[in-house]
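Each remark here refers to the structure printed beneath this line.
Quick caveat: nothing in here was measured; it's all calculated off a predicted structure.
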Amino acid sequence: MPHTGQSTKKPTSQKINENYLAYVRSFAPPTKHLHNCFRAFIVGGLICCIGQFVRTFLEYVLALSGDELAGATSMVLIFLGCLLTGLGVYDRIGKAAGAGSIVPITGFANSVCSPALEFKTEGLITGLAAKMFTVAGPIIVYGVLSGTAVGILYFLLKL
């Protein structure tokens with residue numbers, strides 16, 4: 001009678017892949033998940049504290065409020081993110097903080113500014129302008145599309 005169940009033996013190629021992965025893992029240093037999360041939390045929190053300081057400064061010193069205050073705060077943080085990226089400081093912050101440096105608005109500014117700086121030698125059009133949104137482009141596209149969808153739903157629900 002022929003055997004109709006599935007074989008429990010693994011194919012040779014899968015066995016070789018598992019052996020190779022185990023070999024590679026033996027050389028990799030162990031990751032420090034808790035330490036990395038702590039650093040990301042601290043740096044992300046510090047960036048947000050700087051943003052709150054900028055907001056408070058603009059609110060009480062320049063007497064901005066509402067949308068003006070939100071826009072000015074965003075512009076200052078984007079400027080700081082681009083400036084630190086251009087000076088090479090934001091990359092060092094990113095290496096030390098990991099995800100803590102990419103979550104706030106400064107991380108978005110970094111993701112737009114980095115490719116622009118990297119490809120500026122290829123010219124203004126084919127280098128800087130074409131490559132500027134390679135990382136941030138999908139974020140912008142899906143942000144605009146989801147914002148449009150929410151706006152349409154909001155409009156339809158108000159009818």
| field | Heavy-atom side-chain proximity of Asn110 to Asp91 below 4.5 angstrom | value | yes
| query | Would you say Leu46 and Leu80 are hydrophobically clustered, going by side-chain heavy atoms of ILVMFWY under 4.5 Å? | reply | no
| request: Run through Thr56, Leu58, Ile105 and flag the one making a side chain to side chain contact (heavy atoms under 4.5 Å, CB included) with Thr73. | output: Leu58
| task | Could you grab the distance from atom CG of Leu87 to atom SG of Cys82, nearest 0.5 Å is fine? | result | 11.0 Å
| task | Measure from the side-chain N and O atoms of Tyr90 to the backbone N and O of Gly107, and report whether any donor-acceptor pair falls under 3.5 Å. | result | yes
| said: Contact between Thr106 and Ile78 at the side-chain level, heavy atoms closer than 4.5 Å - yes or no? | reply: no
| Residue pair Arg39 / Lys95: nearest heavy atoms and the distance that separates them | NH2-O, 4.3 Å
| task | May I ask whether Ile93 and Ile42 are part of the same hydrophobic cluster, defined by side-chain heavy atoms of I, L, V, M, F, W, Y residues being less than 4.5 angstrom apart, directly or through others? | result | no
| task | Identify whether Phe53 and Phe79 are in the same connected component of the hydrophobic contact network (ILVMFWY, side-chain heavy atoms under 4.5 Å). | result | no
| Got a sec: does the CG of Leu21 have more than 12 other heavy atoms crowding it under 6.0 Å? | yes
| Should the pair Tyr23 and Tyr20 be assigned to parallel (<30°), tilted (30 to 60°) or perpendicular (>60°) ring geometry? | tilted
| Value rounded to 0.5 Å, distance of CG in Leu153 from OG1 in Thr148 | 11.0 Å
| Is Val89 reachable from Leu83 through a run of hydrophobic residues whose side-chain heavy atoms are each under 4.5 Å from the next? | yes
| message | Please check: side-chain N/O of Arg55 versus main-chain N/O of Leu69, any donor-acceptor pairing under 3.5 Å? | response | no
| query | Should Val76 and Tyr60 be counted in the same cluster of Ile, Leu, Val, Met, Phe, Trp and Tyr side chains packed under 4.5 Å apart? | reply | no
| task | Can you establish whether the number of heavy atoms outside Asp67 located under 6.0 Å from its atom CG is more than 12? | result | no
